[in-house]
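Shown next, in structure tokens, is the structure this report addresses.
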Amino acid sequence: MIRTQIQLTESQAERLKRLAAREGVSMAELIRNGVEDLLTARLPVEREALRQRALAAIGRFRSGAEDLGSAHDRYFEEAAGE
């Protein structure tokens with residue numbers, strides 16, 4: 001890990017301290033989690049990472065439908081309530 005220094009308002013520091021105590025984690029852990037959430041929300045996932053996630057999902061789910069490959073549009077419309 002890389003050590004860094006940040007400045008918080010007094011209110012932020014106090015609220016963060018209370019939250020850390022309530023959740024039983026350090027303030028640093030809460031800040032790391034917040035930074036990760038921010039980065040995940042604002043930075044696009046790399047194309048290769050998306051590709052790997054899609055490949056990992058192949059064959060992991062079963063619908064039970066014998067004609068899903070040819071009737072996927074109909075199943076989607078039914079699921080979406082259209």
Side-chain angles (χ1 to χ4, degrees):
M1 282 195 212
I2 297 174
R3 186 176 182 91
T4 190
Q5 188 174 19
I6 63 168
Q7 292 181 319
L8 302 172
T9 65
E10 287 182 31
S11 174
Q12 289 171 329
E14 184 56 40
R15 291 182 299 161
L16 192 59
K17 183 187 257 184
R18 284 196 310 261
L19 181 59
R22 188 171 68 223
E23 294 191 5
V25 297
S26 68
M27 289 175 55
E29 181 67 19
L30 289 178
I31 292 169
R32 282 191 294 272
N33 289 343
V35 168
E36 187 61 34
D37 290 347
L38 177 69
L39 294 173
T40 300
R42 292 197 184 173
L43 289 179
V45 177
E46 292 184 25
R47 187 165 183 78
E48 182 58 24
L50 287 175
R51 182 179 171 280
Q52 291 301 321
R53 286 174 54 193
L55 289 174
I58 293 174
R60 294 186 62 201
F61 306 97
R62 301 277 184 257
S63 70
E66 297 289 329
D67 62 344
L68 186 58
S70 60
H72 54 70
D73 290 344
R74 179 172 52 86
Y75 287 114
F76 179 76
E77 287 174 3
E78 289 172 6
E82 294 180 5

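Here the structure is a predicted model, which is why all the values come from computation and not from measurement.
- A donor-acceptor contact shorter than 3.5 Å is absent between the side chain of T40 and the backbone of D37.
- Ion pairing of R74 with E77 is absent here, as no side-chain N (NZ or NE/NH1/NH2) approaches a carboxylate O to less than 4.0 Å.
- H72 NE2 to S63 OG: the interatomic distance, rounded to the nearest 0.5 Å, is 12.0 Å.
- By the rule that hydrophobic residues join a cluster once side-chain heavy atoms approach within less than 4.5 Å of another member, L38 and I31 end up as members of separate clusters.
- Tracing side-chain contacts under 4.5 Å through hydrophobic residues (I, L, V, M, F, W, Y), one reaches L39 starting from I6; they form part of the same cluster.
- By the 4.5 Å heavy-atom criterion applied to side chains, R53 and L50 are counted as neighbours.
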For residues 7-14, tabulate all N or O donor-acceptor pairs below 3.5 Å that involve a side-chain atom, not counting sequence neighbours.
from: T9; atom 1: OG1; to: Q12; atom 2: N; distance (Å): 3.0
from: T9; atom 1: OG1; to: Q12; atom 2: OE1; distance (Å): 3.4
from: S11; atom 1: OG; to: R15; atom 2: NE; distance (Å): 3.3
from: Q12; atom 1: OE1; to: T9; atom 2: N; distance (Å): 2.9

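- The environment of CD in E48 is crowded: more than 12 heavy-atom neighbours from other residues, nucleotides or ligands sit within 6.0 Å.
- The side chain to side chain contact (heavy atoms under 4.5 Å, CB included) test applied to L30 returns L16, L19, A20, E23, V25, not counting sequence neighbours.
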| query | How far apart are the C-alpha atoms of R51 and E46, what are their side-chain angles, what is the distance that settles it, and do they pass the side-chain contact (heavy atoms from CB on, under 4.5 Å) test? | reply | CA-CA 9 Å; R51 182 179 171 280; E46 292 184 25; over 6 Å; no
